[in-house]
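Can you read through this structure? Questions will come right after.
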Amino acid sequence: MIKKKIKKLLIANRGEIACKIIKCAQNLDIPTVAIYSNEDADSLHIQLADEAVNIPGSLVSETYMNGPAIISICKKYKANAIHPGYGLLSENAKFVKSVEKNKIIFIGPKSTIIKNMGEKDKAKLIMEEAGVPVIPGYHGDNQDKDFLRKKADEIGYPVLIKARSGGGGRGMRVVQNKENFFSALEEASSEASTNFNDKNILIEKYITKARHIEVQIFSDHHGNVVHFFDRDCTLQRRQQKIIEEAPSPKLSENIRKFLGDLAVNALKSLDYQGAGTIEFIADITDGLNKNKIYFMEMNTRVQVEHPVTEMVTGIDIIKEQIWIAFSGETALKQSDINPRGHAIECRINAEDASKNFQPSPGVITMCHQPSGFRTRVDGAIFQGYKVTPYYDSMVCKLICHGRNRTEAIQRMNRSLDEFVIEGITTTIPLHKKLLNHKKFINSDFNVSWLDKDSIV
């Protein structure tokens, strides 16, 4: 196979992930091109890149998700590769197909894989064929509302209505009984249509006590597959992750190996290249049992929470993504990946948790970021940075590593105390409460904890 050569890399993203990609490319001596909206004219990522190009507008639809404009910039500035980061166009199969047609290297899997994994019903069928257990439910083509309610009755309440496409908690509704099914179906379908241009849904048995566990995987162009072990993303609010950690604190070594092997075997059944994440949902009603862990979905991109995996493995995941696209192969063997200690990530959002997580745009008037041994901030914020209402509210991520979970919690508490962001309201006070809550300290919680208990 002829090795691919990245001559110049365009980053089709913004904020902290764009900064991270640019730095990784610089470490590989690859020139970079940043794109930016009118709102991001003073952003850090365009100062770090070798070149920066404005796409006029403020909305993501006219700027960071403007596929034709991005491809046009690639041609004009002679960038022969695109890194999509996460969100935005990272799992947009139509965009990736256009990238392929224009003979531009996409740092990620093929458009056909992204399309198949993006349609959750198709992804479940593929995983079933690969021998991966999936959540009991209906993921067929029949979208007649009476038929769907009949299927929900057969599955047994509560059920989860979920958008076939997309993610991020949108297009999802939990239905507790038959009487509320039609209204929840209408809401989920409408939200899915608005956000993903696909109103189709699937139905799953809703697991009332669940842990969200995922496995980071990599595959090169020769079919070599490795996993980077597991992460725990159970601490959520309305299907939005708040704190992530690696490794998952409740897994036995037997279950950890079981999930790693499942993820690797699943990827070997696909013609996959680059980074990906297999997400599992574990029914912990009667404790953690490997026979009650199910495939939920696959993300065909780098995850927001990838830094916790980097901290415990010592491997730069973004750099590995770029290297696989550059060379077509990974130099890593499974025996090279040996996690050490424990890492925790807090997503710092510009939101007021005491006011039902109301967004808090504005100008950061003071910014002091924590530092120290095994402490890391992934962000693009600085004093004078303007947080706009146009984009996701996450302004940075704080990641701390310790020899064990207790030490990681202690280091995170110290770092949160040291973090000063003034001018806007952030979720730092919420993280302090969570880190010191008995349930978190004992890892005695499930995905529904914050939706049921008010601790703000």
Scanning both residues in full, the closest heavy-atom pair of P56 with N38 reads CA-OD1, 3.7 Å
Practice prompt. Keeping the roles fixed (side chain from T330, backbone from L332), state whether a donor-acceptor pair exists under 3.5 Å.
Written response: yes
ask   = Where the side chain of K397 meets the backbone of V304, is there a donor-acceptor pair that is under 3.5 Å apart?
value = yes
- Query: Is it true that a side-chain atom of E329 and a backbone atom of H221 form a donor plus acceptor pair closer than 3.5 Å?
  - Reply: no
task: Look only at the side chain of T313 and the backbone of T309, and say whether a donor-acceptor pair between them is shorter than 3.5 Å.
output: yes
Under 3.5 Å donor-acceptor, R164 side chain and H139 backbone:
no
>> Does K432 have more than 12 heavy atoms from other residues, nucleotides or ligands lying within 6.0 Å of its NZ?
In response: yes
_Charged N-O contact under 4.0 Å between D42 and K386_ = no
Can you tell if the side chain of I201 reaches within under 4.5 Å of the side chain of Q143, non-hydrogen atoms only? yes
Decide yes or no for E245 and F440: does some side-chain heavy atom of the first lie under 4.5 Å from some side-chain heavy atom of the second?
yes
Practice problem: Using atom types as modelled and distance alone, determine if a side-chain donor or acceptor of T63 lies under 3.5 Å from a backbone N or O of L59. | Solution: yes
Mark yes when over 12 heavy atoms from residues, nucleotides or ligands other than K8 sit less than 6.0 Å from its NZ; otherwise mark no.
yes
- Query: Charged N to carboxylate O under 4.0 angstrom, E128 versus K124?
  - Reply: no
Under 3.5 Å side-chain donor-acceptor pair for Q216 and H306: no
Exercise. Any donor and acceptor pair, going by atom type alone, linking the side chain of S269 with main-chain N or O of A266 inside 3.5 Å?
Worked result: yes
Could you tell me whether the side chain of Q236 reaches within less than 4.5 Å of the side chain of L450, counting heavy atoms only? no
Query raised in the report: Taking atom types as modelled, is there a side-chain donor on S111 or E100 under 3.5 Å from an acceptor on the other?
Result: yes
OH (Y77) and CG (L10) are apart, to the nearest 0.5 Å, by 10.5 Å
Value for CZ (F357) from CG (N349), rounded to nearest 0.5 Å, stands at 9.0 Å
* E91 side chain reached by M117 side chain, heavy atoms, under 4.5 Å -> no
Here the gap from N116 atom CG to D271 atom CG, rounded to the nearest 0.5 Å, amounts to 11.5 Å
From the list K241, R231, R211, salt bridge (charged side-chain N to carboxylate O under 4.0 Å, His left out) with E279 holds only for K241
Counting only heavy atoms not in K205, do more than 12 fall under 6.0 Å of its NZ?
yes
If we count only N and O atoms by modelled type, under 3.5 Å, do the side chains of Y390 and S37 hold a donor and an acceptor together? no
**Prompt:** Would you say I315 and F218 make side-chain contact, with heavy atoms under 4.5 Å?
**Reply:** no
Between the NZ atom in K20 and the NE2 atom in H83, the distance rounded to the nearest 0.5 Å is 9.0 Å
Under a 3.5 Å cutoff, is there a donor and acceptor pairing between the side chains of Y64 and D40? yes
TODO: Answer whether the closest heavy-atom distance between the side chains of K110 and V96 falls below 4.5 Å.
DONE: no
| request: Decide whether K319 and N27 meet the rule of one side-chain donor and one side-chain acceptor closer than 3.5 Å. | output: no
- Query: Has the side chain of S72 got a donor or acceptor atom that lies under 3.5 Å from a matching backbone atom of P68?
  - Reply: no
Inset, instruction - Consider only side-chain N and O atoms of R301 and Q303, and report whether a donor and an acceptor are under 3.5 Å apart. - result: yes
**Study point:** S90 side chain vs G87 backbone, donor-acceptor pair below 3.5 Å
**Key:** yes
Taken to the nearest 0.5 Å, the spacing of Y206 OH from I135 CD1 works out to 11.0 Å
| said: What I'd like to find out is whether the side chain of R14 reaches to under 4.5 Å of the side chain of D392, using heavy atoms alone. | reply: no
### Query
With distance as the sole test, does D336 use its side chain to make a donor-acceptor pair with the main-chain N or O of K333 at under 3.5 Å?
yes
Nearest heavy-atom approach of P307 to R376 is CB-NH2, 3.6 Å
* Start with the C-alpha gap between W449 and L434, add the side-chain angles, then the distance that decides, and say whether side chain to side chain contact (heavy atoms under 4.5 Å, CB included) holds. => CA-CA 11 Å; W449 175 31; L434 291 172; 4.1 Å; yes
For I322 and C24, the nearest pair of non-hydrogen atoms, with its separation, is CD1-CB, 4.1 Å
Closest non-hydrogen contact found for I82 with F95 is CD1-CZ, 4.0 Å
Separation between CG (D141) and CG (N200), nearest 0.5 Å, reads 8.0 Å
All heavy atoms of C233 vs all of E305, minimum pair found to be SG-OE2, 3.6 Å
Between P84 and N13 the two heavy atoms that sit nearest each other are O-ND2, 2.7 Å
Quiz item: Between R237 and D451, is any pair of side-chain heavy atoms under 4.5 Å apart?
Solution: yes
**Item:** Other residues, nucleotides, ligands: >12 heavy atoms within 6.0 Å of K122 NZ
**Value:** yes
Donor + acceptor pair across side chains of T388, E39 (<3.5 Å) = no
